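Whatever order the structure lists ligands and atoms in, that order sets their numbers, starting from 1. Basis for what follows: all heavy atoms, side chains included, without hydrogens, waters or symmetry-related copies. Remember, it's a predicted structure, so these values are computed and weren't measured experimentally. All residue numbers in this chain count up from 1 along the given sequence.
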Amino acid sequence: MTQQRLFIGLMSGTSGDAIDAALVGFDTAGQPHLLTAHQVALPTAIQSRIFDLQSGLETHIERVCELDVDMADLYTQAVNELLTRAGTDKASIEAVGNHGQTLLHYPNVERAFTLQVGDNHRLAERTGIAVVGDFRRRDVAAGGQGAPLVPAFQKTLVNRSESTVFLNIGGIANISIITAAGVTGFDTGPGNTLLDAWIRQHRKMPFDQGGVWAAAGQALEPLISDMLADPYFSQKAPKSTGQDYFNLVWLERFELNAYRAEDVQRSLLELTARSIASEIITTGCQTIYLSGGGYHNTLLVQRLKDLMPQANLRSSDALGVDPDFMEAMAFAWLAKQCLDGKHSGLPEVTGAVSPSILGVVFPKP
Ligand SMILES: Nc1ncnc2c1ncn2[C@@H]1O[C@H](COP(=O)(O)OP(=O)(O)O)[C@@H](O)[C@H]1O
Ligand SMILES: [Mg+2]
């Protein structure tokens, strides 16, 4: 244990559900071990503020600044509770790798940008630990998508002689394809985000536990075809997307009030499953490790298995990575790479012109 270098990774994804915090020890071979994990649920009021800013319902700059502060305080809470739970002193942590809360991610416009909030200066001050943050913007500045960043970490988890796909189903779903030839990866499209948005609107629930509500509905084939005709699904990688695109506004164009709400939920689940499966089938890989909150949606996982009967689809637990903390662990690793002055941006994944050292160091007080 004393041999290990300790880092904390913090992730709060597009779902706006929770902050995932992971205490990660890297052994002398550089292999990560999840020592302690902790989640802090985002208060509903914070979640609404995030969604309102993402969707443009709220546009005041003060609201962005206030959220920047409030997220930093929630990240501080997550770090402190994680350390208490682990019984670890903050002095033994080299750095906190903090993804931040994405408000906007527009890598494809001429003046490309991506914005994550959660003031890292404040987080470093309040935790007394160095923070590494702002991971995505250097890659965007280098002409890349700034996403996904997790494939570089996943590359360290597997033996590259066997082709492997990592599938993470968060708000948005993304895949990493790791083969002897190299690493690629991209966002396939919506993960849980449309499912969450629809059930929130119709049943006032944060998500469809186990996919039970979707299971009560019927898949509407013409609707699914219309949705799959969105150009994002046929666009070639590198590509990335966000909840600022796949959201209730995106759904409005399909005039969904004509249908039973549970049939729409079932169709949205099909959209997620089919858009993921068709991309994975194209890779030809049969070994798939699943992570992200979508892992808990029993119907979604069953549909993925049905659509890819040849594949061996397993939880990332099989590699020692708790599926709920894959991304948090990746940000611990990204912080370590930054402190070590090593590249972690993969141009072959993001489309950047060159590899970059990702992240900015906010020293401890
Ligand atoms: N028991 C469950 N049943 C169905 N869906 C679930 C369950 N638990 C979590 N989820 C889904 O996972 C989402 C959170 O996934 P997560 O990987 O944290 O995404 P993000 O990285 O976008 O925050 C929730 O919003 C919900 O849609
Ligand atoms: Mg989350």
Side-chain angles (χ1 to χ4, degrees), residues 9-22 37-44 46-48 50-51 54 71 74-75 78 98-103 105 116-118 135-136 147-150 153-154 166-176 187-217 240-248 262 265-266 268-269 271-273 276 289-304 315-317 321-331:
L10 293 180
M11 181 69 202
S12 56
T14 49
S15 298
D17 60 323
I19 297 168
D20 308 327
H38 180 58
Q39 275 181 330
V40 173
L42 290 185
T44 321
I46 292 270
Q47 192 184 50
S48 307
I50 294 169
F51 292 164
Q54 284 174 338
M71 286 307 298
L74 287 163
Y75 293 138
N98 182 30
H99 174 270
Q101 182 63 49
T102 297
L103 291 185
H105 178 72
Q116 286 77 40
V117 298
F135 288 96
R136 297 198 189 269
L149 301 183
V150 180
F153 166 66
Q154 291 170 330
F166 284 92
L167 165 61
N168 189 76
I169 311 179
I172 296 296
N174 59 66
I175 58 172
S176 311
D187 291 342
T188 57
N192 298 296
T193 181
L194 297 174
L195 297 167
D196 287 357
W198 190 250
I199 197 166
R200 204 179 297 120
Q201 190 179 59
H202 288 267
R203 311 228 19 213
K204 308 273 176 278
M205 293 159 105
F207 60 84
D208 184 7
Q209 185 93 35
V212 168
W213 191 42
S240 63
T241 186
Q243 190 150 306
D244 44 48
Y245 183 68
F246 287 108
N247 54 28
L248 286 174
E262 59 269 41
Q265 186 76 359
R266 180 75 176 82
L268 293 172
L269 186 139
L271 171 72
T272 293
I276 290 170
Y289 293 104
L290 177 59
S291 61
Y295 166 73
H296 300 287
N297 187 321
T298 320
L299 180 61
L300 179 58
V301 174
Q302 187 53 51
R303 288 298 298 134
L304 286 167
S315 154
S316 62
D317 256 334
V321 176
D322 181 326
D324 288 321
F325 292 92
M326 170 71 82
E327 293 197 308
M329 285 179 74
F331 280 87

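- The backbone N or O of T102 lies less than 3.5 Å from a partner atom in the side chain of Q54, making a donor-acceptor pair.
- Using modelled atom types, no side-chain atom of Q116 and backbone atom of L103 make a donor-acceptor pair closer than 3.5 Å.
- Side chain of Q243 to backbone of I172: no donor-acceptor contact under 3.5 angstrom is found.
- Between L167 and L304, some side-chain heavy-atom pair lies under the 4.5 Å cut-off.
- Counting heavy atoms from C-beta on, the side chains of E327 and D20 never come closer than 4.5 Å.
- The contact shell of ligand 1, taken as protein residues with any non-hydrogen atom closer than 4.0 angstrom, comprises G13, T14, S15, D17, I169, G170, G171, N192, D196, F207, D208, Q209, G210, G292, G293, G294, H296, N297, E327.
- Every pair passing side-chain hydrogen bond (donor to acceptor under 3.5 Å, both in side chains) that includes a residue from residues 289-299 is listed here, sequence neighbours excluded: N168-S291, Y289-R314, H296-D324.
- Between V150 and F166 there is no side-chain heavy-atom pair separated by less than 4.5 Å.
- Considering only residues two or more places apart in sequence or on other chains, R266 meets the salt bridge (charged side-chain N to carboxylate O under 4.0 Å, His left out) condition with E270.
- For the pair N192 (side chain) and I169 (backbone), a donor-acceptor distance under 3.5 Å is present.
- Taking 2.8 Å as the limit, the number of protein N, O or S atoms around the Mg ion (ligand 2) is 1.
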